[in-house]
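It should be emphasised that the depicted structure is a prediction, and the values quoted were computed from it without experimental measurement. Proteins come first, then strands; the chains are lettered A, B, ... in the order of their sequence lines, and each starts at number 1.
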2 protein chains.
Amino acid sequence: MKETSVADDVMRAAVELFAANGYANTSVQQVVEAAGVTKGAMYHYFQSKDDLLFGIYDRMLSLQKEHLDQIIERGGPVGEVLRAVCIDVIETSIDFLPEGTVFFRSMHMLAAPRQSEVTRRRRDYNDTFAKLIEQGQAEGLYRTDIPQPVLIANFFADVHYLSHWYSPEGPEGKTLLAEQLTDLFLTGIDAKAAKGGAR
Amino acid sequence: MKETSVADDVMRAAVELFAANGYANTSVQQVVEAAGVTKGAMYHYFQSKDDLLFGIYDRMLSLQKEHLDQIIERGGPVGEVLRAVCIDVIETSIDFLPEGTVFFRSMHMLAAPRQSEVTRRRRDYNDTFAKLIEQGQAEGLYRTDIPQPVLIANFFADVHYLSHWYSPEGPEGKTLLAEQLTDLFLTGIDAKAAKGGAR
DNA sequence: CGTGGCATACCGACTGGACGGTATGCAGGT
DNA sequence: ACCTGCATACCGTCCAGTCGGTATGCCACG
């Protein structure tokens, strides 16, 4: 049942190196050396360097989508579902911090068709998320004075940005942080928050 | 008073191409062709490809820092100063959307010493911003139940994320958007928002 | 049991081409 | 005569991907 440790080792090494030095600055040679295998072995399991990159994306996207579907299937009040989704995506993003770094930094290095597949799958996630917000708005939970795409961007911005500042060695625990960021987001979009503040 | 159109044209072309195809995927040859000059001309004004990249960063960082200083110097209640700063940084980020794309995507391609200079200047901005938040907290304006770095990250995440979703051709006007995002942020960090929401 | 046929897994030297950077040259202004 | 501003040809390096080859295991067949 072991996915031939070689392929696995290569992927692990690739994520680390890509995250640390960037995709373009990392040679296939470096990856295989770090993984303790040879170029021949690597090209036996992967078609190209591009393949390696896509593998990283594929794993992350599958995992997150899976989580999302599970949470929604579990059902419950929209407010709680949305909260659970937010917390989950932040937590998994923290678990996959290097992948996230690579993700946002190097997506444009992917060959065009794969790039659009990634985009498609991200849009999928986004749309499902949007439906939750919409439902919440219909129930009067969330404000409607700000366009939905802005509300959504406001959340994914946090997720995206994690890999730019969060350090697992820092003082913030991942669960607590997930709750705090979710709280900030939900407070911001709360219906009764509309149009307050100075000016 | 003209910064020798050549250097200017090159920079403009570079930003566009770097934003569209990435720094690593753009050859110096492509840049000079797009700019309508020759390689020799370019290397007459820039020391390296790296230099080109740093030029982009330098311009952006200088501009934003300048704005920040001006707004703070103007004085006024913390709440209004902070609001003005937020709106400004969002607006300038929209004005320099391609620069932003390049910025976050390719910072790691910079030579190490320059990378740390960029980091230093960003930290500078960050610290000044942090002081505003702190002052606001001292005045009881902003919540203190969430660590300051998280509050700050929550804002810069939005700024950062702009280049990933905002399109100037879209329905959102830049000024309005800046106000909406600022509003979402300020609502989230408002003192009387602490610990609300479902669950 | 052994032998031949075949597939999978892996090795590592090599190549072809791209690309950053440079060397050289030249025109025109002072 | 010399310097600035630029053009063009060229060089050295690096690197993704290839390719001929080997080792190992498996199955069939006599």
Could you tell me whether the side chains of A:Ser62 and A:Arg121 share a donor-acceptor contact shorter than 3.5 Å?
yes

Should B:Arg122 and B:Asp127 count as an ion pair when the cut-off is N to O under 4.0 Å?
no

Please give, in whole Å, the distance from D:dA7 P to B:Met42 CE?
13 Å

Taking atom P of D:dG5 as reference, at what distance in whole Å does atom CG of B:Asp9 sit?
16 Å

Measure the distance from CZ on A:Phe46 to C1' on D:dA16 and round it to the nearest whole Å.
15 Å

Starting at CG of A:Asp51 and ending at P of D:dA16, how long is that distance when rounded to a whole Å?
14 Å

Rounded interatomic separation in angstrom, taking CG from B:Asp8 and P from D:dG5
15 Å

Using a 6.0 Å distance limit plus a 45 degree cone around the ring axis, check whether A:Lys49 lies over the aromatic ring of A:Phe54.
no

Salt-bridge test for A:Asp50 and A:Arg114: reply yes if a basic N is under 4.0 Å from a carboxylate O, no otherwise.
yes

Round to the nearest Å and state the distance from B:Asn25 atom CG to C:dA18 atom P.
14 Å

Value in whole Å for how far the C1' atom of D:dA7 lies from OH of B:Tyr45:
13 Å

Check ion pair A:Arg120-A:Asp124 (N to O, under 4.0 angstrom)
no

In the 5'-to-3' direction, what one-character label does each nucleotide of nucleotides 20-29 of chain C receive under the scheme B = base within less than 4.0 Å of a protein heavy atom, S = sugar-phosphate only, - = no such atom?
BBB-------

Return the value, rounded to whole Å, for the distance between atom NE2 of A:His44 and atom P of C:dG12.
16 Å

Are A:Arg83 and A:Asp88 ion-paired here, with the side-chain N under 4.0 Å from a carboxylate O?
no

